[in-house]
Amino acid sequence: MCEKKPDIILFTGFLGSGKTTMLLKTIELLAAENKKCAIIVNEIGEVGIDNRQMRRLGYDVHDLFGGCVCCTLKVTLEATINHLLTEYDGLDYILFEPSGMADPASMYPSMENCGYTSEDICNVFIFDPLRVDLYRVRLNSLLMSSLGLARAVVINKIDEAPECAVREAEGMVRELGDRLPVFKMDVSTGLTPAFKTYLVR
Ligand SMILES: Nc1nc2c(ncn2[C@@H]2O[C@H](COP(=O)(O)OP(=O)(O)O)[C@@H](O)[C@H]2O)c(=O)[nH]1
Ligand SMILES: [Mg+2]
């Protein structure tokens, strides 16, 4: 069992919002900081990691990015987290990208059964301002429940989204008060310095 439980960073947001892109940038950041991390994804293919190519580069799928373990959700989330906690000493972070349409609330009991409280879980909600109308109407209840559990919001794709959509997205988050820090960026280019500081504390 690890002495200090690794921090969990959970990337939530709807399909196509940029979770995988964010996950990969976060792994790079943490690897550069010499943090030992594990990632949990539904399917390794979803993350675009080519196993054969990774092996050619000298990595094992279980040893990505300098000591990063990758688990696919073949069994339950609870079993996967417990496996990581018992098998890997000195893990600093567990990064988890659930599938796009899953309600984040449904994942909390599994993490709580592994000894995490909801305060322990760094849930970053990634908001795609290109979809602001969809979020406001069809996905509104999922948005509200997702934001209720989020610890930070990233408004992504500011390179592509019109300014008014970015403002509207921020307005929707602010309707819930000013509890949540909001970071605006173009994740595909890289994480902003402010967000990096927020993640690695
Ligand atoms: N223009 C732009 N495209 C992005 C950005 N972040 C992600 N994307 C693209 O959006 C698409 C979905 O991203 P992905 O990370 O797979 O989203 P996921 O479904 O939430 O995991 C991909 O084609 C990404 O290249 C961004 O900041 N700007
Ligand atoms: Mg994805």
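Excluded from the calculations below are hydrogen atoms, water molecules and symmetry mates; all remaining heavy atoms, backbone and side chain alike, are included. Remember, it's 1-based here, ligands and their atoms both numbered in the order they're listed.
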Next on the checklist: My understanding is that we take every heavy atom of each candidate and find the minimum distance to atom 7 (C) of ligand 1. Doing that for Thr20, Thr21, Leu15, which one comes out nearest?
Outcome noted: Thr21
Checklist outcome for this item: atom 9 (C) of ligand 1: of Glu97, Lys25, Lys157, the nearest heavy atom sits on Lys157
Got a list of side-chain donor-acceptor pairs under 3.5 Å for residues 192-199, not counting sequence neighbours?
| unit_1 | atom_1 | unit_2 | atom_2 | d |
| --- | --- | --- | --- | --- |
| Thr192 | OG1 | Phe195 | N | 3.3 |
| Thr197 | OG1 | Pro193 | O | 2.9 |
| Tyr198 | OH | Arg151 | O | 3.4 |

Check ligand 1 against [X] and write out every atom of the ligand that is under 4.0 Å from a heavy-atom position of the residue.
X: Val187; answer: 27 (O)
X: Lys19; answer: 15 (O), 17 (O), 18 (P), 19 (O), 20 (O), 21 (O)
X: Phe14; answer: 20 (O)

Checklist entry - Is there a path from Leu85 to Leu77 through hydrophobic residues (I, L, V, M, F, W, Y) whose side chains come within less than 4.5 Å of each other? => result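 In one cluster: yes.
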Item to check | Sub-4.5 Å side-chain heavy-atom contact between Val182 and Arg174 | outcome: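 Yes, close enough: below the 4.5 Å cut-off.
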Using a heavy-atom cut-off of under 4.0 Å, does the side chain or the backbone of [X] touch ligand 1, or both, or neither?
X: Met22; answer: neither
X: Asn156; answer: side chain
X: Glu160; answer: side chain
X: Asp186; answer: both

Where do [X] and [Y] come nearest, in terms of heavy atoms and distance?
X: Ile158; Y: Asp186; result: CG1-N, 3.8 Å
X: Lys36; Y: Asp89; result: NZ-O, 2.7 Å
X: Met111; Y: Ile81; result: CG-CD1, 3.8 Å

Checklist entry - According to the ring-ring contact (aromatic ring centres under 6.0 Å, His included) rule, which pairs have a member within residues 131-161, sequence neighbours left out? => result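 Listed by first then second residue: Phe14-Tyr135, Phe127-Tyr135.
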Checklist entry - Tell me, which N, O or S atom in Glu97 is closest to the Mg ion (ligand 2)? => result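 Considering only N, O and S atoms, Glu97 comes nearest to the Mg ion (ligand 2) through OE2.
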Checklist entry - With no hydrogens and no angle check, do the side chains of Ser145 and Asp103 hold a donor and an acceptor under 3.5 Å apart? => result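 Yes, a side-chain donor-acceptor pair sits under 3.5 Å.
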Next on the checklist: Restricting to N/O/S atoms, is Thr20 within less than 2.8 Å of the Mg ion (ligand 2) or not?
Outcome noted: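 For Thr20, the answer is yes, given that an N, O or S atom comes within less than 2.8 Å of the Mg ion (ligand 2).
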Checklist entry - Would you say Met185 and ligand 1 have an N/O pair spaced under 3.5 Å apart? => result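 Checking ligand 1 against Met185, no N or O pair falls under 3.5 Å apart.
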Checklist entry - Are Ser17 and ligand 1 in contact, using a heavy-atom cut-off of under 4.0 Å? => result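 Flag set, Ser17 near ligand 1.
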Item to check | Any donor-acceptor pair under 3.5 Å from Asn156 side chain to Ile126 backbone | outcome: no
